[in-house]
Amino acid sequence: MQSLARTAFQSVSSDAMPLAHEACQPHLAALPEWQIVEHDGIMKLMRRFAFRDFADALAFTQRVGEVAEQAGHHPVIVTEWGRTTVTWWTHTLRGLHLNDFILAARTDEVVE
């Protein structure tokens, strides 16, 4: 089976709907460190990454930013001393799309 990180990024049509919570579960199972959080009624995919210091957290943030730029899909990234929190969701859908899970998997690869 193809890894989620190697799944082709999909274009999001104007009539696309966000994934329902149940539809997210198989993708979430492939990303055990990630969790679905809800903020202002919008489901988002979030993970905190721990680092030795601010410099390592900042370097990771830069690498995630490069992945995001390449995909043209941008997360919220909060960088603090010793940790970075990454939150993916599809802004235009106001919820989650397969692309968010793909980019979460690619984010996991960046940290490895």
Side-chain angles (χ1 to χ4, degrees):
M1 185 172 136
Q2 178 174 307
S3 103
L4 193 54
R6 299 290 154 252
T7 302
F9 204 70
Q10 301 177 355
S11 63
V12 179
S13 65
S14 60
D15 62 343
M17 299 292 293
L19 293 173
H21 195 270
E22 302 76 39
C24 294
Q25 296 313 304
H27 305 305
L28 193 59
L31 301 166
E33 302 290 327
W34 291 81
Q35 62 181 327
I36 293 176
V37 296
E38 190 171 316
H39 185 258
D40 292 334
I42 300 171
M43 284 195 318
K44 301 175 182 185
L45 196 54
M46 185 189 82
R47 179 177 173 192
R48 277 198 183 93
F49 296 85
F51 299 97
R52 290 179 309 183
D53 53 31
F54 185 76
D56 287 348
L58 188 59
F60 171 73
T61 298
Q62 181 62 39
R63 291 191 305 272
V64 173
E66 290 166 2
V67 168
E69 264 310 290
Q70 191 172 44
H73 191 74
H74 304 94
V76 167
I77 305 173
V78 177
T79 304
E80 304 172 81
W81 190 96
R83 76 175 176 193
T84 300
T85 304
V86 180
T87 308
W88 291 102
W89 78 98
T90 301
H91 303 264
T92 57
L93 295 182
R94 297 183 51 78
L96 292 170
H97 184 274
L98 176 60
N99 291 340
D100 300 302
F101 292 92
I102 292 169
L103 288 169
R106 291 178 186 175
T107 301
D108 284 348
E109 288 186 338
V110 166
V111 80
E112 293 174 359

Residue pairs meeting side-chain hydrogen bond (donor to acceptor under 3.5 Å, both in side chains), one or both in residues 29-46, sequence neighbours left out, come to W34-D108

For residues 16-30, run the donor-acceptor check on the side chains, cut-off 3.5 Å, and write out each pair with its distance to 0.1 Å, sequence neighbours left out.
| residue | atom | partner | partner atom | Å |
| --- | --- | --- | --- | --- |
| H21 | ND1 | Q25 | NE2 | 3.2 |
| Q25 | NE2 | H21 | O | 3.1 |

Tightest non-hydrogen contact, residues W89 and H91, listed as CZ2-CE1, 3.2 Å

Give the cluster check for M46 versus V78: same hydrophobic cluster or not, with ILVMFWY residues linked at side-chain heavy-atom distances below 4.5 Å.
no

For residues 77-104, the salt bridge (Lys or Arg N to Asp or Glu O under 4.0 Å) pairs (sequence neighbours left out) are E80-R83

Rounded to the nearest 0.5 Å, the CH2 atom of W88 sits from the CD1 atom of I102 at a distance of 11.0 Å

Rounded to the nearest 0.5 angstrom, the OG1-CZ distance for T107 and F101 is 12.5 Å

inquiry  = Measuring only between side-chain heavy atoms, which start at C-beta, is T61 closer than 4.5 Å to F49?
reply    = no

Contacts satisfying salt bridge (Lys or Arg N to Asp or Glu O under 4.0 Å) that involve residues 55-75 (not counting sequence neighbours) are R52-D56

Any side-chain to backbone donor/acceptor pair from R106 onto A5? Under 3.5 Å, distance only. yes

Beyond-backbone contact of F51 with V111, side-chain heavy atoms, under 4.5 angstrom = yes

Sorted by chain and residue number, the side chain to side chain donor-acceptor pair (under 3.5 Å) partners of D53 (sequence neighbours excluded) come out as none

Minimal heavy-atom distance between I42 and G95, with the atoms involved, is CG2-N, 3.8 Å

ask   = Taking side chain as C-beta onward, heavy atoms only, is L98 less than 4.5 Å from Q10?
value = yes

Kindly indicate whether the side chain of F9, heavy atoms from C-beta on, has any atom under 4.5 Å from the side chain of L103. yes

- request: Any chance you could lay out the side chain to side chain contact (heavy atoms under 4.5 Å, CB included) test for L45 and I36, step after step, and finish with the verdict?
  value: CA-CA 5 Å; L45 196 54; I36 293 176; 4.1 Å; yes

Does one hydrophobic cluster hold both V110 and V76, with members joined at side-chain heavy-atom distances below 4.5 Å? yes

Taken in chain and number order and not counting sequence neighbours, the residues that satisfy side chain to side chain donor-acceptor pair (under 3.5 Å) with T92 are none

Open item on the list: Test of understanding: clusters of I, L, V, M, F, W, Y form through side-chain heavy atoms closer than 4.5 Å, transitively. Do V12 and M43 belong to the same one?
Closed with: no

Decide whether V67 and I77 are clustered together by the hydrophobic rule: side chain heavy atoms of Ile, Leu, Val, Met, Phe, Trp, Tyr closer than 4.5 Å, transitively. yes

Show the numbers, then the answer: is there a side chain to side chain contact (heavy atoms under 4.5 Å, CB included) between R47 and V86?
CA-CA 6 Å; R47 179 177 173 192; V86 180; 5.7 Å; no

